[in-house]
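Each remark here refers to the structure printed beneath this line.
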Number of protein chains: 2
Amino acid sequence: MPPDLVPGTPKYYLLKTEVLGLIAGLKPGTLIPTERALAEKYTTSRTTVRQAISELVAEGKLGRIQGHGTFVAPPKMTHVRQLTSFSDDARSQGLRPDSRMLALGVFTSDAGVAARLGLEPGDPVTRLERIRLIDEEPLAHEVAWLPGKLPRLKSHLATSGSLYAVMAEVYGLRVADVEDTVETALAGPEDVRLLGMEMGAPLLVVHRLARDAMGTPVEWTRSTFRGDRFRFVSRVKSGG
Amino acid sequence: MPPDLVPGTPKYYLLKTEVLGLIAGLKPGTLIPTERALAEKYTTSRTTVRQAISELVAEGKLGRIQGHGTFVAPPKMTHVRQLTSFSDDARSQGLRPDSRMLALGVFTSDAGVAARLGLEPGDPVTRLERIRLIDEEPLAHEVAWLPGKLPRLKSHLATSGSLYAVMAEVYGLRVADVEDTVETALAGPEDVRLLGMEMGAPLLVVHRLARDAMGTPVEWTRSTFRGDRFRFVSRVKSGG
DNA sequence: AGTTCAGATTGGCATAGACCAATAATGTTG
DNA sequence: CAACATTATTGGTCTATGCCAATCTGAACT
């Protein structure tokens, strides 16, 4: 192990840099030594090795499977979020996008949803919950709230696949501008189940409020992205 | 402790929910019981307590100071990132923005910076490194690369404070559109030193490429935000 | 009252070891 | 040969414990 140049740097952090050097240049999927082997090699405890590995996993540099081993992770994918739809964006990058609908229904809005969509609490709203996939891999968990009832949305979605296209062409809801709020969170059991990620790994939580040309809200969405596998891009063009 | 409704949920995660309930409604700054006290109260080990607390700290719900204790963290602040400047944005929200310049100089561009700014490697570029503060608190660490030499930038910045204003008014570099890439990372010793955060806490790393009306790059910036304390908002208006 | 220094308190890091759960490898059996 | 049962391997969780570092407390001393 290289010398501790900055006094006070924890051992697990030094080990982390060590492992980083170890995997530099290795192909994604390559197995690295087991935790027990690393602990012995660097004369430390498995606890310390696990702290180092855990951070590298959280950063998306390593992956691990219980009973199998720890391996070099594939590089992050980029998700471009524009005014256009998820599926069109992905396809334009040469990726294979897909969606799995988990739930679709009409509810009476609570205070939070009503405030965001500019409705009165109790007004009907449509709730659409989906898993977004790219190349068969879960990318995000989305819950979208749309104002009103939107009859036969399910069949329209099955045909088109693109929510924004259906909103515009069938219901006349045209998105003119959006506001994205990005923050971090850590994966809990729900995220682990839906997105197949690690407990405690960082998430990008994106809230989107979309409005039409009149400034009337037409969509309120909460998306949960795997922070270890994806980046998020948003383009802002000035009105001129 | 409430029953383990989902079989297999780790004890540290149950404890996390427990502590969340404990701090619900408490004012920011309120101290919670010590790690040793919590371990005894919930008949578990300090290691498990620390795993639960550490995740709550990473999520920005708790803070802790060695030798002092663990306390309820203040709510996240919102940073709106528009085409306008950091300082104007912050002031419009009633916050007190500030900057500390760490370094300013002219360099010959390496391959990465040259590619992003549309230059040839070796062309001169200006590098500006700053810490962004809101209400005296470090918010972000920024390194900006601007094409060319920009003479007397330092004194101009000292007068105006706003980089975008100086770029436009003095050097004729007008930002017409930007592309932000957001991803997660974990805090290392450098981030801890500059932003005063926890080792291993999640960061929002934002890369911004700004172009003028002709599509010529005028700024390439890497910003590191504290994910536990801030959210990031970007507004996209359609050209129509 | 103010200062200084010693101890107690609290979080930060690390160790050693145990057992569980998922996977892979192996051997056995029909 | 295929299907199944057994065993070994590997990561996941948890315990118990020790020492270090930063902070706070309070007594002793100006």
Side-chain angles (χ1 to χ4, degrees), chain A residues 1 4 6-19 29-58 62-73 186-189 192-193 196-201, chain B residues 1 4 6-19 29-58 62-73 186-189 192-193 196-201:
Chain A
M1 190 132 48
D4 179 350
V6 179
T9 300
K11 184 186 276 190
Y12 80 86
Y13 196 84
L14 298 174
L15 182 55
K16 204 176 140 180
T17 339
E18 196 68 12
V19 174
T30 310
L31 286 172
I32 70 168
T34 69
E35 297 176 351
R36 288 165 177 91
L38 286 171
E40 190 175 2
K41 178 173 177 186
Y42 293 104
T43 49
T44 182
S45 69
R46 211 185 131 205
T47 314
T48 302
V49 172
R50 275 186 66 78
Q51 186 166 4
I53 301 262
S54 296
E55 292 203 356
L56 290 171
V57 170
L62 292 178
R64 50 186 173 186
I65 298 173
Q66 182 175 145
H68 181 64
T70 305
F71 53 88
V72 180
L186 298 188
V192 169
R193 187 171 63 80
M197 54 190 311
E198 284 241 336
M199 285 282 293
Chain B
M1 190 134 45
D4 179 349
V6 180
T9 301
K11 186 186 274 191
Y12 81 84
Y13 195 85
L14 298 174
L15 181 55
K16 207 177 139 180
T17 341
E18 196 67 12
V19 174
T30 310
L31 286 172
I32 70 168
T34 69
E35 297 176 351
R36 289 167 175 88
L38 285 171
E40 188 174 6
K41 179 173 176 187
Y42 294 104
T43 47
T44 182
S45 70
R46 212 186 129 205
T47 314
T48 302
V49 171
R50 274 185 68 77
Q51 186 167 5
I53 301 264
S54 295
E55 292 204 355
L56 290 171
V57 170
L62 292 178
R64 52 186 173 188
I65 299 173
Q66 180 176 146
H68 181 62
T70 306
F71 53 87
V72 180
L186 299 187
V192 169
R193 186 171 63 79
M197 55 190 311
E198 284 242 336
M199 286 283 291

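Throughout, protein chains are lettered first and strands after them, A, B, ... in sequence-line order, and every chain is numbered starting at 1.
- Rounded to the nearest 0.5 Å, atoms OH (A:Tyr12) and OG (A:Ser54) are 10.5 Å apart.
- A:Gln51 has its CD atom 13 Å from the C1' atom of C:dT15, to the nearest Å.
- As a whole-Å value, the separation of B:Glu35 CD from D:dT17 P is 17 Å.
- Of all the heavy atoms in B:Lys11 and B:Thr44, the pair that sits closest is CD-OG1, 3.6 Å.
- Qualifying side chain to side chain contact (heavy atoms under 4.5 Å, CB included) partners for B:Glu35, counting only residues two or more places apart in sequence or in other chains: B:Arg46, B:Val49, B:Arg50, B:Arg64.
- The distance between atom CZ of A:Arg64 and atom C1' of D:dT9, rounded to the nearest whole Å, is 16 Å.
- Contact of the B:Leu15 side chain with the B:Ile53 side chain is not registered, since no non-hydrogen atoms from C-beta on lie closer than 4.5 Å.
- Considering only side-chain N and O atoms, B:His68 lies nowhere under 4.0 angstrom from the phosphate OP1 or OP2 of C:dT10.
- What separates OH of B:Tyr12 from P of D:dT15 is a distance of 13 Å, to the nearest Å.
- The side-chain heavy atoms of B:Leu62 and B:Val19, taken from C-beta on, include a pair separated by under 4.5 Å.
- At whole-Å resolution of the value, CG in A:Leu62 and P in D:dG12 are 12 Å apart.
- Checking the phosphate oxygens (OP1, OP2) of D:dT15, a side-chain nitrogen or oxygen of B:Lys11 falls inside 4.0 Å.
- Sorted by residue number, the members of residues 43-50 of chain B with any non-hydrogen atom under 4.0 Å from DNA chain C read B:Arg46, B:Arg50.
- In this structure, A:Ile65 places its CD1 atom 14 Å from C1' of C:dA21, rounding to the nearest Å.
- The residue B:Ile53 sits apart from the nucleic acid: no heavy atom pair falls under 4.0 Å.
- Counting heavy atoms from C-beta outward, A:Leu31 and A:Thr70 have side chains that stay 4.5 Å or more apart.
- When the P atom of D:dA22 is taken as reference, atom CD of B:Gln66 falls 6 Å away, rounded to whole Å.
- Put simply, the side chain of A:Thr43 never gets that close to the backbone of A:Glu40: no donor and acceptor are under 3.5 Å apart.
- Listed pair B:Thr70 / C:dG11 meets the phosphate criterion, a side-chain N or O lying under 4.0 Å from OP1 or OP2.
- As rounded to whole Å, 15 Å separates atom P of C:dT10 from atom CZ of B:Phe71.
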